[in-house]
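In the text below, chain A, chain B and the rest are named by the order of the sequence lines, each starting its count at 1.
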Amino acid sequence: MRKLGYACINLELSGKGVTTNRGMIKRTFDKVGAVGAGELALLNIKNIGEIIRWNSDSGISLYRMSSSIFPWMSEYEISELPQFRKIQILLLGVGRIALEKKQRLTFHPGPFNVLVSPNEPVVKKTIKDLNQHAEIMDLMGLPQSTEYPINIHLGGAYGDKESSMIRFCENFKRLSESAKKRLIVENDDKASMFSVKDLYEGVYSRIGIPITFDYHHHRFCSGGLTEEEALNLAASTWNEVRQLTHYSSSRKTMESPDQKAQAHADFLYEKIKTYGLSLDIEIEAKAKEQALLKYLIEEDSLLENYIDF
DNA sequence: CCAGGTCAAGGGAGT
DNA sequence: ACTCCCTTGACCTGG
């Protein structure tokens, strides 16, 4: 069975104070330190459990977890937090619920993760962040597989995609085993960056990690492939694990013609074309789970065609 | 309690 | 050189 999901925030629950990305600005972190961060992390973790339960009860079985569960985790080791024992128990509990309810969980670390960077300090920070994402999934007891993936963009092209991709593959080897087993790469939304074709030839062919096909991004960086060709090429990089994709409608086209085309709309306005493939799809819409539920209701009555901008 | 200003990070694009 | 955007708006202060 295919799975459709959404990212990070559940609007209905956040109205009741259930959020998973409580954080703090640097000034506060300097004051309260890792101890304060650990306290927020405990609240965040508890609420992931709430969201997963809500998802399961609502017929949703794919969810992208927030990367902000542990505020400022670059500045400490999770296992050295004073609350670590509690954190361990809670994370394992949340993971157990997810596995019982057959929930697929993913991460999508932010744009400051640049594994291709020519600057060693940036690469080091990225490796730590990716390893910590993997560590969280490990603490949850989730299998080390792209069933529970960590999805990133390469993060920079530096005007030379080929050597950038080679650097990515070299730095990939420096990740923890757990992170390596989970890492997947996504196509970009700028022509100067990485298309599915680029990623296939420059990354998949070298290190064999799967490609996340983002329908919306593909429209801005096709690599000369049609949507169907790119989706199929990405599909060929997934083995026994079901292919993960991202989908969103353009805000410019559908809601506000003045905005840049790359911006995401609140809801989906067209039926997702799967071309006969069995896909898992993360819906990236501003209206979050509400957009997903609305889509599930309307799906059969929507047209497949994009309305071109 | 609320509105508004502010907030770590890397790279790319538009101005 | 500066601003905005991107994974995901949220934190904090002054009223």
Side-chain angles (χ1 to χ4, degrees), chain A residues 5-11 13-15 17-34 36-37 39-40 43-44 47-48 51 63-76 105-130 132-133 136 149-161 164 167-168 171 183-194 212 214 216-217 220-221 244 246-248 250-252 258-264 266 282-289 291-292:
Chain A
Y6 62 99
C8 306
I9 296 168
N10 180 303
L11 291 179
L13 292 178
S14 69
V18 177
T19 61
T20 68
N21 56 353
R22 295 172 185 80
M24 56 182 109
I25 61 174
K26 186 169 191 306
R27 199 165 64 243
T28 307
F29 179 67
D30 288 342
K31 213 182 304 171
V32 303
E39 288 306 307
L40 291 185
L43 296 174
N44 288 336
N47 287 1
I48 294 174
I51 290 177
Y63 174 63
R64 179 191 302 172
M65 295 187 284
S66 166
S67 286
S68 309
I69 300 168
F70 290 88
W72 294 95
M73 69 178 178
S74 58
E75 304 301 311
Y76 53 82
L105 300 176
T106 75
F107 271 132
H108 191 344
F112 301 108
N113 283 281
V114 187
L115 202 53
V116 295
S117 176
N119 307 319
E120 177 59 17
V122 173
V123 175
K124 278 211 167 73
K125 275 188 251 176
T126 300
I127 289 173
K128 170 154 188 184
D129 198 43
L130 295 176
Q132 286 186 304
H133 278 83
I136 293 168
I150 299 170
N151 175 71
I152 60 169
H153 292 268
L154 298 214
Y158 309 91
D160 182 354
K161 287 197 250 187
S164 292
R167 209 159 48 241
F168 180 90
N171 289 335
L183 199 73
I184 61 180
V185 287
E186 175 179 348
N187 57 312
D188 287 299
D189 67 356
K190 292 190 193 79
S192 65
M193 303 282 283
F194 301 95
T212 305
D214 186 308
H216 189 49
H217 293 172
F220 307 99
C221 180
L244 187 69
H246 292 175
Y247 196 94
S248 53
S250 171
R251 162 149 299 196
K252 177 184 173 73
D258 295 336
Q259 302 235 357
K260 57 184 281 196
Q262 279 89 339
H264 293 172
D266 292 339
E282 289 184 359
I283 304 293
E284 296 177 327
K286 298 291 181 198
K288 301 295 174 186
E289 90 286 357
L292 171 52

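- A/T126 comes within 4.0 angstrom of nothing in the nucleic acid, heavy atoms only.
- Remark: A/S68 is not in phosphate contact with C/dA10, judged by side-chain N or O atoms under 4.0 Å from OP1 or OP2.
- Counting only distance, with no hydrogens or angles, the side chain of A/R167 and the backbone of A/V116 share a donor-acceptor pair below 3.5 Å.
- Side-chain proximity of A/N21 to the nucleotides B/dG10, C/dA10, B/dA8 is greatest for C/dA10.
- Looking at the side chain of A/H108, the nearest of the listed nucleotides C/dT7, C/dC12, B/dG11 is C/dT7.
- Interatomic distance, A/S66 OG to A/I51 CD1, rounded to the nearest 0.5 Å: 9.0 Å.
- Looking at A/T126, its side chain does come within 3.5 Å of a backbone N or O of A/V114 through a donor-acceptor pair.
- Between A/H246 and A/H216, the gap from one ring centroid to the other reaches at least 6.0 Å.
- Nucleic acid contact class of A/K288 (heavy atoms, under 4.0 Å, all strands): sugar-phosphate only.
- When both distances must be under 3.5 Å, the Watson-Crick or G-U wobble mate of B/dG5 is C/dC11.
- With DNA chain C read from its 5' end, the first of the two nearest nucleotides for A/A7 and A/R27 is the one closest to A/A7.
- You'll find that the side chain of A/S117 is closest to B/dG11, out of B/dG11, C/dT8, C/dC11.
- Here A/N119 lies in heavy-atom contact (under 4.0 Å) with sugar-phosphate atoms only.
- Across all strands shown, B/dG10 forms a Watson-Crick or G-U wobble pair with C/dC6, both key distances being under 3.5 Å.
- If you measure from atom NZ of A/K190 to atom C1' of C/dC5, you get 7 Å, rounded to the nearest angstrom.
- Using a 4.0 Å heavy-atom cutoff across all strands shown, A/Y158 reaches sugar-phosphate atoms only and no base atom.
- Each of C/dG9, C/dT7, C/dC12 was ranked by its minimum atom distance to the side chain of A/I9; first place goes to C/dG9.
- In this structure, CG of A/N47 is placed 13 Å from P of C/dA10, rounded to the nearest angstrom.
- When the C1' atom of B/dG10 is taken as reference, atom CZ of A/F168 falls 15 Å away, rounded to whole Å.
- Here A/H217 and A/H153 bring their ring centres to under 6.0 angstrom of each other.
- Which of C/dT8, B/dA8, B/dG11 sits closest to the side chain of A/K26 comes down to B/dA8.
- Closest approach to the A/R22 side chain among C/dC11, B/dG12, C/dC12 is made by C/dC11 (side chain taken as heavy atoms from C-beta onward).
- A close approach under 4.0 Å does occur between a side-chain nitrogen or oxygen of A/K125 and OP1 or OP2 of B/dG10.
- Nearest nucleotide to the side chain of A/M24, out of C/dC11, B/dG12, C/dT8: C/dC11.
- Note on A/H153: a side-chain N or O is less than 4.0 Å away from OP1 or OP2 of C/dT7.
- Here A/S192 lies in heavy-atom contact (under 4.0 Å) with sugar-phosphate atoms only.
- Of all nucleotides listed (C/dT8, B/dA8, C/dG9), C/dG9 comes nearest to the side chain of A/K286.
- With distances taken from any side-chain atom of A/V122 to the nucleotides B/dG10, C/dT8, C/dC12, the minimum falls on B/dG10.
- A donor-acceptor pair is defined here as one N or O able to donate and one able to accept, closer than 3.5 Å; such a pair exists between the side chain of A/W72 and the backbone of A/M24.
- As a whole-Å value, the separation of A/L115 CG from B/dG11 P is 12 Å.
- Within 4.0 Å (heavy atoms only), A/H133 reaches no atom of the nucleic acid at all.
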